[in-house]
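All chains are named by letter (A, B, ...) in the order of the sequence lines, taking the proteins before the strands, and each is independently numbered beginning at 1. Computed from a prediction, not measured in an experiment: that's the story for all the values here. We use all heavy atoms of the structure for the numbers below, so side chains are in, but hydrogens, waters and symmetry mates are not.
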Amino acid sequence: MANQPPSNSPASAAAAAAPPLVYSSRPASIAAAPLVAVASWVLPGAGYVLIGQRARGLTIGVTIIVLFLLGLLIAGVRVMEVPGYDANGKAIEVPMRDLSTGAVTSHWVMGISPLVEVRSKPWIVPQLLTGPIAIGAAGWSVYESRPDPNNPTQSRGDQSHARVNEIGSLYLSVAGLLNLMAIIDAAHRAAQRAGA
Amino acid sequence: MINFLADYNYTRPFLQPMPIWNYWYLLLLPLCVGVAVVYKAIKCRSMSQVPAEAASITVWILVCFAAAGVALVGLVKVMSR
């Protein structure tokens, strides 16, 4: 307390006259940090809107969604490599023998060894941080990988290669990682407000 | 632009990759702008500071990219002698 100026000093008078430090002119919301984090994942920027910071939420949300859509536009939707599905959009099945009966049955690889499959397509992890929009794009990618009914030798959508594929993948992953940063920040701000 | 896309038979957006393999480095610009805007929107206390701060950091990212590129080219040339 020795460092504090006396109550009648000019510094304390200026501090008393200054407006309180606030992030937004809107009233503080009582949204809990976990709810804000989930909202931020479901719709990028929504967490900030929940705590009353609409401009920040709109700026961040629109930027992240535009980056994600640009990635899909640049490299095509098939740039999303979905674990558990091959290049033809077919679920990868693993034959397994039942030791007691000797019968061989097929199991979806994601039910047998999901981590190995995700490790072979690691970009899906940051991409899914963008939220349900990434899950929708993954489903779309699987659909477009399947053979075209009018031309069964070709898939519906074209696959990208080389730098175009790398840059599209980079856009999607960066969008997801930016959303992770926004999720952490919005939840932190909500927790600070709840504690204030 | 439309003629350019038509030359490469680009008729199905999102279903086929854009024919921009010769201009891939230009695609780093919107990515840098996006990263800068989100980073500064998180970092700045007032949203009115964001445009100027984001423009500044975008330029810094691009300058650092270019410097890293020049340094790597120099390193490769020295190593390949």
Side-chain angles (χ1 to χ4, degrees), chain A residues 21-24 44-45 48 53-79 137 140-141 143-144 148 155-168 170-171 173-175 177-179 181-186 188-189, chain B residues 1-62 64-66 68-69 72-73 76:
Chain A
L21 198 60
V22 290
Y23 284 114
S24 162
Y48 289 104
Q53 300 182 12
R54 188 185 290 177
R56 199 181 304 273
L58 276 176
T59 305
I60 290 172
V62 168
T63 309
I64 288 172
I65 290 173
V66 165
L67 280 181
F68 190 85
L69 293 178
L70 267 178
L72 294 182
L73 182 68
I74 289 166
V77 71
R78 286 190 64 193
V79 70
W140 190 15
S141 171
Y143 176 78
E144 296 300 339
D148 187 348
S155 58
R156 291 187 173 99
D158 295 342
Q159 197 161 21
S160 56
H161 301 281
R163 283 198 176 120
V164 176
N165 182 279
E166 287 167 13
I167 296 217
L170 188 66
Y171 268 75
S173 300
V174 166
L177 291 173
L178 289 174
N179 198 34
M181 210 160 72
I183 289 169
I184 293 169
D185 183 58
H188 178 66
R189 286 172 194 248
Chain B
M1 180 72 180
I2 290 179
N3 285 341
F4 166 76
L5 294 175
D7 286 346
Y8 284 97
N9 200 20
Y10 181 74
T11 52
R12 301 183 302 154
F14 292 102
L15 297 183
Q16 64 185 118
M18 291 184 81
I20 43 175
W21 38 84
N22 289 334
Y23 311 100
W24 63 269
Y25 46 88
L26 295 178
L27 297 175
L28 292 175
L29 187 62
L31 186 64
C32 292
V33 171
V35 169
V37 167
V38 173
Y39 177 68
K40 283 300 175 183
I42 288 172
K43 194 100 171 147
C44 289
R45 186 160 286 190
S46 163
M47 286 302 289
S48 60
Q49 298 172 308
V50 171
E53 294 273 346
S56 160
I57 198 174
T58 301
V59 172
W60 269 110
I61 293 171
L62 293 173
C64 290
F65 264 146
L72 284 172
V73 167
V76 168

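- Here the closest heavy-atom approach between residue B:Arg12 and residue A:Arg156 is recorded as NH1-O, 2.8 Å.
- In this structure, chain B has heavy atoms under 4.5 Å from both the backbone and the side chain of A:Val77.
- Listed here is the closest heavy atom pair of B:Ile42 and A:Arg189: O-NH2, 2.8 Å.
- With a threshold of 4.5 angstrom between heavy atoms, A:Gln159 approaches chain B through N, CA, C or O but not through any side-chain atom.
- The nearest pair of heavy atoms linking B:Phe14 to A:Leu69 is CE2-O, 3.6 Å.
- Looking at every heavy atom in both residues, A:Arg56 comes nearest to B:Arg45 through NH2-O, 3.1 Å.
- Looking at every heavy atom in both residues, A:Trp140 comes nearest to B:Leu15 through CZ2-CD2, 3.9 Å.
- Between the A:Arg163 side chain and the B:Tyr25 main chain, no donor and acceptor come within less than 3.5 Å of each other.
- For A:Leu177, no part lies near chain B; criterion is any non-hydrogen pair under 4.5 Å.
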Pairs of donor and acceptor atoms involving the side chains of residues 28-41 of chain B, under 3.5 Å and at least two apart or interchain, shall be tabulated with distances.
unit_1  : atom_1 : unit_2  : atom_2 : d
B:Lys40 : NZ     : B:Glu53 : OE1    : 3.4

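- Note that CD1 of B:Ile20 is 5.0 Å distant from CD1 of A:Ile74, once rounded to the nearest 0.5 Å.
- Qualifying ring-ring contact (aromatic ring centres under 6.0 Å, His included) partners for B:Trp21, counting only residues two or more places apart in sequence or in other chains: B:Tyr8.
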